[in-house]
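The structure displayed is predicted, hence computed values, not measured ones. Letters go in sequence order (proteins before strands), and every chain restarts at 1.
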Protein chains: 2
Amino acid sequence: MKRTTIKDVAERAGVSTAAVSYVLNGREHKVSGDTLAKIQEAISELNYIPDYSARSLASKRSSLIGVVIPQTEDQKRLLLENPFYSDLICGIESELRQHGYHMLISGVDKGQSYLDLTMQRNLDGAVIMGIYQESFYDELKKVDIPIVLIDSYINDDHFKKIRIDDELGGYLATRHLIENGHVNIGLVTGMIRKDGVVEKRYLGYKRALQEANLFYDHDLVFEGQVSYEYGLEAGKQIAARGGGMTAAFVTSDMMAFGVINGLRQQGLQVPDDISVIGFDDISLAGIFHPNLTTVHQDIKARGIAAAKHLIEVLDGKENLDQGVTLQPISVIERETVRRMNEGKGV
Amino acid sequence: MKRTTIKDVAERAGVSTAAVSYVLNGREHKVSGDTLAKIQEAISELNYIPDYSARSLASKRSSLIGVVIPQTEDQKRLLLENPFYSDLICGIESELRQHGYHMLISGVDKGQSYLDLTMQRNLDGAVIMGIYQESFYDELKKVDIPIVLIDSYINDDHFKKIRIDDELGGYLATRHLIENGHVNIGLVTGMIRKDGVVEKRYLGYKRALQEANLFYDHDLVFEGQVSYEYGLEAGKQIAARGGGMTAAFVTSDMMAFGVINGLRQQGLQVPDDISVIGFDDISLAGIFHPNLTTVHQDIKARGIAAAKHLIEVLDGKENLDQGVTLQPISVIERETVRRMNEGKGV
DNA sequence: TTGTAGGCGTTATCAT
DNA sequence: ATGATAACGCCTACAA
């Protein structure tokens, strides 16, 4: 069957397409109450559904927001298996849909620019998660749409950044360990890259140690992939090494699960033998056994904040704040950190 | 700056827009090698990026695939926090992107039809997860695009169904328990609705019991929401009730985690006091402690299969198989089922 | 093989 | 307040 168009509606209502277009786009005030009524009636009678492709072509607005998610190493799949990202997506989608926007999720292949997709689909805005090469951001700047960066320390006012104070997080986590009487504190972390989230957490770790006059021992830092698998590996290594390490700050919850399981595979229990504190507070943290003590951040709120920002800019309400929004964090005490300063030696 | 259009490319190459359009759409054979070369050169020199909105308007094809994900009870957020769905999405996206399609993820509000979005965006196809009212599917049939239903027992050749044999899964799970010497076997499950996934698993459970001449005791079935929270609740209830139940078949891994933790909160250990077998084999099953014995299905493969089917239909390769594709399942033995028939009473 | 031109459904400008 | 009508960028008969 043929599609019902704005023209059909106009005819049925006995008005021009322009009038219909007005009421469709919330400019009812440009139309008399009489015609408004007729148009609305025609719309519902004909069950008219606008064609966004045509709208986008004519207006350059698509009501589409692009969301970029990091990929697995092999560039094949989205890192959506990491609950961190799915939580973020949840927040974004819910906010967008309530405001009439849709969400186009994709990964972006290495070395490729996101410009293509942006142009192809006339994206109205984008949320970028993960960290990319500088050239990627340069490309992004060529297109004139609002963009929110999640977890990025890029210093560029072209983008809005929404993140947490990762250095503080690392500091709080480590201090929590210290306050519980730990002295030999290890670090399990992803690759420490300049200006990356991981580096900040690492710096926080060092600051806490320093503040407590503890020696920073490079042998206690395990640097690898941000994944459950590497955590497992690190856990085994820690167990194998033996020695005095009594606690570890692990820079992501998924890794922390790996560490705990790795230790367990080697016969060490958390927190009895070694304490562990994670980072992110993904929903599993309270499900995993033992419940993971970790640095909490409200992930879904990040997603919502990102979407809200885009919507505000697109609605013309906000055009200024292209700075950084920091979201609050805090240590959540659960079951994986043992208090050392009350008897019962290791 | 002004957008580079197909016209610009045509001028630059000294040919007509039709020729350019041909090579853009893989009909190079309609063009001489000479012009082809000129066109390709012009495209890359001008850095031409086609406008999908215009393309969609003119051709009625959008290269967009809609993916519908169930929502939370309050209709506010996607059920993406359930790893089952994020895994599925991973599979779908990876396959789609490799074939030049993009993915539009959304939930669909209760009572609302998906027709709107389909029309608005000129979707080329859709993947529907979850179970909806019949009217929802009726709506869907009005639009003439290929649609894949995940986990649906709808009997309608208008749709392609990709799922597993849930009845068999329930049977295998329960039989596994029986083979390990369990006799009083409980069931923790979502709401048992006619023709739903959950009902099939429930029927498999009953069949296994019957086959083993075991009594089906309705008091041993705990029916609630498919969620970690309800699992927790059920676990507590099971512990509180005491009695002879030595094992439970839980119809989803996330629920199983809840059951295990609920039992634990009441001082019961899995599998020492009670055995548990789950369903789905989400990636967490091997991370959770104790590692969850469960019915394995390759979730990512489902997503890929769904996407593959759509692509094939859209490419005109396949137009026939609108039946059901069943994917293999099997019991994965891990640590949550105890063998009863070798000493050591409960 | 190549080019012309009408049309896709909407927006928005410009008269009326 | 309302109505023609020219874009928007692309596809695709149809003609050459």
Length of the line joining [X]:[atom1] and [N]:[atom2], which is rounded to integer Å:
X      : N      : atom1 : atom2 : answer
B:D8   : D:dC8  : CG    : P     : 11 Å
A:Y22  : C:dT10 : OH    : P     : 16 Å
A:R121 : D:dG9  : CZ    : P     : 17 Å
B:M119 : C:dG9  : CE    : P     : 10 Å
A:L24  : C:dA12 : CG    : P     : 12 Å
A:D34  : D:dG3  : CG    : P     : 11 Å
A:K38  : D:dT2  : NZ    : C1'   : 11 Å
B:K7   : D:dC10 : NZ    : P     : 10 Å

Assess the residue pair A:E93 and B:R77 against the criterion (salt bridge (charged side-chain N to carboxylate O under 4.0 Å, His left out)); give the C-alpha distance rounded to whole Å, side-chain angles, the decisive distance to 0.1 Å, and a yes or no. CA-CA 7 Å; A:E93 201 271 349; B:R77 292 191 321 264; over 6 Å; no

Base, sugar-phosphate or nothing for A:T5? Non-hydrogen atoms, less than 4.0 Å. sugar-phosphate

Using a cut-off of 4.0 Å on non-hydrogen atoms, how would the nucleic acid contact of B:V20 be classed: base, sugar-phosphate, or nothing? nothing

Answer yes or no: is there a donor N or O on one side and an acceptor on the other, between the side chain of B:K161 and the main chain of B:F159, under 3.5 Å? yes

Can you check whether B:D87's main-chain N or O pairs, donor with acceptor, with B:R302's side chain at less than 3.5 Å? no

The side-chain hydrogen bond (donor to acceptor under 3.5 Å, both in side chains) partners of B:E41 (sequence neighbours excluded) come to none

Output yes when A:D156 and A:K141 qualify as a salt bridge under the 4.0 Å nitrogen-oxygen rule, no when they do not. yes

Give the ring-plane orientation class for B:Y52 versus B:H102, where under 30° counts as parallel, over 60° as perpendicular and anything between as tilted. parallel

Identify, between A:G33 and A:T17, the residue whose nearest nucleotide on DNA chain D lies closer to the 5' end. A:G33

So, OP1 or OP2 of C:dT4: does either fall under 4.0 Å of a side-chain N or O from B:S16? no

Scan residues 41-61 of chain A against DNA chain D and write down, sorted by residue number, each residue with any heavy atom closer than 4.0 Å; if none is found, say none. A:L57, A:A58, A:K60

Per A:A18 side chain, nearest of listed nucleotides C:dT13, D:dA1, D:dC11: C:dT13

Out of A:L123, A:D144, A:L104, which residue meets the side-chain contact (heavy atoms from CB on, under 4.5 Å) rule with A:T118? A:L123

